[in-house]
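Lettering follows sequence order; numbering is per chain, from 1. Quick caveat, the model's predicted, so the values are computed rather than measured.
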Amino acid sequence: MPRFYVTTPIFYLNGKPHIGHAYAVTVADVLARWHRLKGDDTFFLTGTDEHGEKVAKKAQENGLSPQEHVDQLSESFRKAWKKLNISNNDFIRTTELRHEKAVRHFVKLMHDNGDIYEGVYEGWYCTPDETFIPESQLIDGKCPECGREVKKLKEETYYFRLSRYQDRLLEYYSENPDFILPRKRTLEIVNRVKEGLKDLSMTRPSVKWGIPFTFNEKHTVYVWVDALINYLSALGWPDSEPKYWPADIHIVGKDIMWFHAVIWPAMLMSAGFKPPKSVLVTGHYIVEGRKMSKSLGNVTDPLELVDKYSVDALRYFLMREMPLGDDGDFSEQLLKARNNNELASDLGNLVYRVLTMTEKSGGKLEGRPELEKSLELKTFQEEMDRYDTYKALETVWRFIKASNKYINDTKPWELEGEALSNALYNSVEACRVISILISPFMPETAEKISKQLGIPLGRLEDCRFSKIGYLPKKGSPLFIRVD
RNA sequence: AGCGAGGUAGGGUAGACUGGAGUGCCCGCCGGGCUCAUAACCCGGAGAUCGGUGGUUCAAAUCCACCUCUCGCUACCA
């Protein structure tokens, strides 16, 4: 049985879940559900990234211990994903013992391979924020967060010999042209790696809230190094062989592409693992033309939208509004338009009118598959398999539209006898196939349609017109128009 | 500044690698049809000098050069 392992980034616990998190996790969920539909042995991982100075500071602001703080916030992510109908197989937290164990062991492997050495890190430090700031991010030589003076500071650190992996990384990129997806992003990384890699400072003597560094317990492991290892620790490693490794796909935002496309593969090579098969870089949602930010007060809470519309309306919107890898604009108006036009009018109304006619006729549902010609199943599969979910939805919608047209053309309301039975047969079978195709995207709606048809939700191989051995019963509309 | 991506009807996009009538899709707009259906469904129409200039070619949205505008990244906060 083919295996499929998909991950989301683990989310950093310095705030509540927002639309950006929801997007990443939905993309991963759709892929996971698609592979389960195909019958693959699928593992879908998400979780939370809980160490680091920022988390500790946030906790302090709220008058909590770091552990209390992360317990609360992590739970809010768990709940949110439940509400979004996310089907993850595991939820990893970097403060869990199983993770700490994995990090310690991973670091040891890197060390045994001669890739860790002691050194000094020198950089710009903002004392009030207790953090180093990359030179390029300074604003007029001041801290971009608080605007205060920064000073040059040296501290002891242990380095990872990232520079050693420059050639092997470049080789990996050229041998695996689909490692970074969409492909157009590859050049960005390749050019930067060609410019030369500096070794990575991978421990912090000043940060307490973290995993102690195996070879000097006064240091903690740099949060990124800590966080990336979650993809392995969740698989039960090092206690058991990580059977799903290498991951088929890491879903990441473009802001963390560097860590996943450069640092993580290098770490893996150092510890003796294969790099992941691909890294899917998604775009960012901007809200009403602006970046989402707290100061603008436009941080969108996905859960409110679920309440106002429906889980599936939101899931559909997220997947349909922006092609993978591009930025998309989020606004409630756009969500509303898609809900009303594509979900209520195209899909919801199709199922509703078909079942109304079927119920009225009360007769047989037998005929020849005519409408099946419009079903581009192969195209759909290819699109899903190359992670082009945006195109795949277009393909499904072409079939939905073809089905609506079929009904208009055959005019079942004017027919009777065999002709009526035939038209209804095709219409009902179309609805059944559609329920399967949309199930990775809109699991709840897929279930609703199946229930109205009176059968369990089908598998991928059931996407063919066949004899009807079920009795459809009209239910309530799938989607309600919102004004 | 360097590296990267992009500028296609009112808005959003596909097409570009492998040149061949501006060909397609979604929203909006205008007109028509239908009445099974959630003011839903179906058909037709208007609307684009394909960012600009120059070049290659029988032929350029597509290839090349230059220009211009927009956006992203430039690694140790995540």
Euclidean distance for C1', B:rG24 against B:rC71 (whole angstrom)
26 Å
- Task: Would you check if there is a donor-acceptor pair between the side chains of A:Q67 and A:D71 at a distance under 3.5 Å?
- Result: yes
Please tabulate, for side-chain N and O atoms in residues 475-483 of chain A, each donor-acceptor pair with protein atoms closer than 3.5 Å (sequence neighbours left out).
residue, atom, partner, partner atom, Å
A:R481, NH1, A:N340, O, 3.2
A:R481, NH1, A:S345, OG, 2.9

Using only heavy-atom distances, decide whether a donor-acceptor pair under 3.5 angstrom links the side-chain of A:N349 to the base of B:rA40. no
*asked:* Less than 4.0 angstrom from a charged side-chain N to a carboxylate O is my criterion; do A:E376 and A:R398 meet it?
replied: yes
(message) At 4.0 Å (heavy atoms only), tell me whether A:S201 reaches a base, stays on the sugar-phosphate, or touches nothing.
(response) base
| task | Check the side chains of A:W264 and A:H250 for a donor-acceptor pair under 3.5 angstrom, ignoring hydrogens and angles. | result | yes
- Task: Any chance you could lay out the salt bridge (Lys or Arg N to Asp or Glu O under 4.0 Å) test for A:E100 and A:R104, step after step, and finish with the verdict?
- Result: CA-CA 6 Å; A:E100 178 171 340; A:R104 283 173 176 270; 3.2 Å; yes
From the list A:V70, A:I10, A:D49, side chain to side chain contact (heavy atoms under 4.5 Å, CB included) partner of A:R93 resolves to A:V70
With rounding to whole Å, what would you report as the distance between B:rG10 and B:rC3 at their C1' atoms?
35 Å
Taking only Lys NZ, Arg NE, NH1 and NH2, and the carboxylate oxygens of Asp or Glu, determine whether A:E444 and A:R315 approach each other closer than 4.0 Å. no
At under 4.0 Å between heavy atoms, what does A:G196 touch on the DNA or RNA strands: base, sugar-phosphate, or nothing? base
- Query: Contact class for A:P412 (heavy atom, under 4.0 Å): base, sugar-phosphate, or nothing?
  - Reply: nothing
**Asked** When all nucleic acid strands are considered with a 4.0 Å heavy-atom cut-off, which category describes A:G348: base, sugar-phosphate, or nothing?
**Response** base
- prompt: What is the nucleic acid contact for A:I480, judged by heavy atoms within less than 4.0 Å: base, sugar-phosphate only, or nothing?
  reply: nothing
Which part of the nucleic acid, if any, lies within reach of A:W397 when heavy atoms closer than 4.0 Å are counted: base, sugar-phosphate only, or nothing? nothing
A:E96 meets the salt bridge (Lys or Arg N to Asp or Glu O under 4.0 Å) criterion, sequence neighbours left out, with A:R98
In 5'-to-3' order, the base (B), backbone-only (S) or no-contact (-) status of each nucleotide in nucleotides 3-8 of chain B, using a 4.0 angstrom heavy-atom cut-off, is SSS---
N-O pairing of A:E429 and A:R432 below 4.0 Å: yes
A:V207 meets the side-chain contact (heavy atoms from CB on, under 4.5 Å) criterion, sequence neighbours left out, with A:E53, A:R204, A:T220
Discussion item. Over all strands shown, is A:D483 touching base, sugar-phosphate only, or nothing at heavy-atom distances under 4.0 angstrom?
Written reply: nothing
With B for base contact, S for sugar-phosphate-only contact and - for none (protein heavy atoms under 4.0 Å), nucleotides 25-33 of chain B reads -SS-----B
A:K198 has its side chain closest, among B:rA37, B:rA75, B:rU35, to B:rA75
In whole angstroms, the gap separating C1' of B:rA75 from CE of A:M267 amounts to 14 Å
Next item on the list: Taking atom types as modelled, find out whether A:Y117 and A:D199 have a side-chain donor-acceptor pair closer than 3.5 angstrom.
Entry: yes
Work out how far the P atom of B:rU49 is from that of B:rG7, and round it to whole angstrom.
16 Å
Whole-Å distance, A:L350 CG to B:rC41 C1', equals 9 Å
Sugar-phosphate, base or nothing in reach of A:N404, heavy atoms under 4.0 Å: sugar-phosphate
Stems of at least 3 consecutive Watson-Crick or G-U wobble pairs (donor-acceptor distances under 3.5 Å) involving RNA chain B, listed by first number, are B:1-7 with B:68-74, B:10-14 with B:23-27, B:29-33 with B:41-45, B:51-55 with B:63-67
Does A:K360 have a side-chain nitrogen or oxygen under 4.0 Å from the phosphate oxygens OP1 or OP2 of B:rA37?
-> yes
note: A:I400, atom CD1; B:rA40, atom C1'; distance rounded to Å ~ 15 Å
In whole angstrom, give me the gap between the P atoms of B:rG47 and B:rG4. 40 Å
Relative to the ring of A:H219, is the ring of A:Y158 parallel (under 30°), tilted (30 to 60°) or perpendicular (over 60°)?
perpendicular
Rounded to whole Å, CG of A:D255 lies from P of B:rC71 at a distance of 18 Å
Inset, instruction - Using the P atoms only, state how far B:rC50 lies from B:rU8, rounded to an integer number of Å. - result: 11 Å
Check your understanding: Within the structure shown, what part of the strands sits under 4.0 Å from A:F11 by heavy-atom distance: base, sugar-phosphate, or nothing?
Key -> nothing
- Query: Across the strands shown, which category fits A:L197 at heavy-atom distances under 4.0 angstrom: base, sugar-phosphate, nothing?
  - Reply: base
### Pairwise C1' distance, B:rG12 and B:rC63 [rounded to whole Å]
28 Å
Among the nucleotides B:rC41, B:rC34, B:rA75, whichever has the atom closest to the side chain of A:S345 is B:rC41
* Please state the P separation for the pair B:rA40 and B:rG45 - nearest whole angstrom. => 22 Å
Between A:E171 and A:Y165, do the side chains contain an N or O donor and an N or O acceptor separated by less than 3.5 Å?
no
**Request:** Pick the C1' atom in B:rA60 and in B:rG54, then give their distance to the nearest Å.
**Result:** 13 Å
